[in-house]
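In what follows, a single structure is set out as structure tokens and then discussed.
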Amino acid sequence: MALTIRDAYDLMHRSCMALAEAEQAGFRLDVDRAITSQKHLTRQIDRLEHNLMTTDLVKAWRAKYGALMNFAANDQLGYILYEHFGAKQMRVTASGKGATDEAALEEAMEQIDKPEVAQLLKVRKLKKLRDTYLEGFLREQVNGYIHPFYNLHIVVTYRSSSDCPNFQNIPKRNKEAKKATRDILFARPGHLLLEADFSKLEVVIAACYHKDPNMLKYLTSNSSDMHGDLAKQIFFIKNLNLDDPTHDTLRSASKNGFIFPQFYGDYYGNNAAGLCQWAKLPQHPLWKSTEGLEMPDGSTLAEHFAKNGIYGFNDFLEHMKKIEKHFWGVRFAVYQKWKDKWLHAYQKKGYFDTLTGFRCSGVFRKNQVINFPVQGSAFHCLLWSFCKVNEIAKERKWRSRLIGQIHDALIMDVHPDELQEVIEVVKWVTTEALLKEWDWLIVPLQIAIEFGEVDAPWSQMKKWKG
DNA sequence: TGTTCATGG
DNA sequence: TATCCATGAACA
């Protein structure tokens, strides 16, 4: 039976209460280290800004703006880079000014040969850590615990959001930023942290909507590799060897520069530009033989492309156009048909219903219509699991409890004696009970579990094997 | 208050 | 055709 708005309401109501219990429990913060770390960051920032004062860039900046000169004023920085020093604007913002984000600054830095721009970026990152994360933790902490909120009534897709402080965007990718933040967050004394993430959740949920046989094959066979297959096609590689660092980079490039953007509704023109960044190739009509990543045989990617008839960006653009056509016209043709049908039905009705029973009604763009149901339903898998684990934790009077949630992951504060049992329950709920509960889930779900040592911070998690 | 930047999924 | 969803800080 299809789920109804009543099922959706019940899920929201139960979840609201389960999340409130996690909010009440909270996440332990080492307040002293947060304060010490803030002071250390301030010293670093002051030193960097002091050293920057004598550089060409900042001398010109101060000459123009005098006492109003401000490191955090991107309008000013844009003027100095693009007007004063004449760097070419590679990209503009929504309002038409030259972009000054990290990628834009790196390009400008090369062009006008001003290495001090890297120090500006460094300052920006340190201020983010100090003023957004550490300051937020300290502002919100009560007796050494932060109590992030989880909202269910805000996000247009029926996902959650989190605030005060936001627990869903704490640094993870950058090593230094991860250490500055996650290193001071802990489970209760004598407990350990456990994190359980659904693997490829949005791709799996999309497949439950469109049921494309080729996608179902990718998701159910252990030996197939969608990102690897596209890497081979895009970069003309016969055998992809993931132990080779360049091949591994090319696989990441295909995943993050083509496949995911395509799923969100991007097109080959943007993909070609993005892939060039990954592959270290310029957007020039003719590539030099010295350009591009170094391939396993010692040649460059430019040479490798030339052997396959791609001599520069224009050729590559045409190549990507064909790959996109094959991607949606052949490889995932059923997925494409679902997108067309789903969009058409929305345009007739003005709304659509998700597999989890929610109704999305309003004026939406094409990509939103395609992506909302997937994003929402994926989160609802996590949410249902969250409620179920919480229910079992209370029934069994565990000392372990749920303390947070990040879209496709749940975070627990676990008593070491209960670790085995908690893992068994989490696995059972997420990979068995959930599939029994919702018959629209036609693809098996996988969960990846990480855990820490007793009293170890959130920055130090290890994979659970078994 | 809107824009731009950084962070996460 | 033209990348989905968020929060938060700082500037103008």
Side-chain angles (χ1 to χ4, degrees), chain A residues 65 68-78 91-105 120-137 139-140 148-152 154-174 177-178 180-182 195 197-203 205-206 256-274 321 324-325 328 336 339-340 343 360 364-379 382 404-410:
Chain A
Y65 291 98
L68 295 175
M69 182 264 167
N70 182 343
F71 281 112
N74 290 318
D75 282 1
Q76 296 180 3
L77 177 56
R91 204 157 31 83
V92 291
T93 63
S95 65
K97 287 176 291 193
T100 54
D101 61 12
E102 184 171 9
L105 289 194
L120 282 175
L121 280 167
K122 181 81 185 164
V123 167
R124 215 188 245 176
K125 283 181 190 286
L126 297 178
K127 283 183 176 169
K128 177 75 173 174
L129 292 176
R130 183 190 62 181
D131 300 337
T132 298
Y133 295 107
L134 298 183
E135 187 67 22
F137 293 166
R139 183 175 59 239
E140 299 295 341
F149 289 96
Y150 298 97
N151 310 299
L152 293 177
I154 302 247
V155 180
V156 58
T157 60
Y158 296 102
R159 239 199 196 183
S160 69
S161 71
S162 170
D163 57 22
C164 299
N166 184 350
F167 186 70
Q168 295 177 323
N169 71 348
I170 297 173
K172 188 172 190 179
R173 297 164 195 173
N174 178 277
K178 178 180 177 180
T181 49
R182 295 184 183 225
E195 189 166 347
D197 295 53
F198 281 110
S199 312
K200 305 180 253 185
L201 186 59
E202 283 201 16
V203 180
I205 298 311
N256 299 310
F258 180 74
I259 294 182
F260 281 141
Q262 282 285 332
F263 285 167
Y264 288 135
D266 204 356
Y267 89 123
Y268 70 90
N270 278 338
N271 300 153
K321 186 176 181 177
E324 186 192 76
K325 196 167 155 53
W328 292 113
Q336 177 63 51
K339 291 199 292 183
D340 294 340
L343 180 65
C360 299
F364 305 129
R365 286 185 296 275
K366 176 177 146 184
N367 287 341
Q368 294 181 308
V369 174
I370 303 303
N371 289 319
F372 282 11
V374 175
Q375 189 178 96
S377 303
F379 171 65
L382 185 281
Q405 163 270 122
I406 314 179
H407 309 303
D408 65 353
L410 49 83

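Letters A, B, ... are given to chains in the order of the sequence lines, protein chains preceding strands, and every chain is numbered from 1.
Of the candidate nucleotides B/dT4, B/dA6, C/dC5, B/dT4 has the atom lying nearest to any side-chain atom of A/K97. Here the side chain of A/K128 is nearest to one of C/dA9, C/dA6, B/dA6, namely B/dA6. Proximity note for A/S161 (side chain, C-beta onward) versus C/dC11, C/dA6, B/dT4: the nearest is C/dA6.
Spacing between atom CZ of A/R365 and atom P of C/dA2 amounts to 9 Å, rounded to whole angstrom units. Rounded to a whole Å, the CZ atom of A/F167 is 14 Å from the C1' atom of B/dT7.
A/Q262 and A/N271 are linked by a side-chain donor-acceptor pair at a separation below 3.5 angstrom, with hydrogens and angles left out of the test. Side chain to side chain, A/Q375 and A/T157 meet the donor-acceptor criterion of an N or O pair below 3.5 Å.
Phosphate proximity of B/dA6 to A/R173: absent, as no side-chain N or O sits under 4.0 Å from OP1 or OP2. Between A/Q368 and the phosphate of C/dC5, there is a side-chain N or O to OP1/OP2 separation shorter than 4.0 Å. Regarding contacts with the backbone of B/dC5, every side-chain N or O of A/K127 stays at 4.0 angstrom or more from both OP1 and OP2. Distances shorter than 4.0 Å separate some side-chain N or O of A/T93 from OP1 or OP2 on B/dT4.
Proximity of a side-chain donor or acceptor of A/D163 to a complementary backbone N or O of A/N166 within less than 3.5 Å is not detected.
Within the 4.0 angstrom heavy-atom criterion, only backbone atoms of the sugar-phosphate kind lie near A/N371; the bases stay farther away.
With hydrogens and angles ignored, a donor-acceptor pair under 3.5 angstrom links the side chain of A/R159 to the base of B/dG9. For a distance-only test at 3.5 Å, the side chain of A/N169 qualifies as a donor-acceptor partner of the base of B/dT7.
The residue from A/R124, A/K125, A/K128 that alone fulfils the salt bridge (Lys or Arg N to Asp or Glu O under 4.0 Å) condition with A/E102 is A/K125.
By the stacking rule of 5.5 Å between ring centres and under 30° between planes, A/Y267 does not stack on the base of C/dT1.
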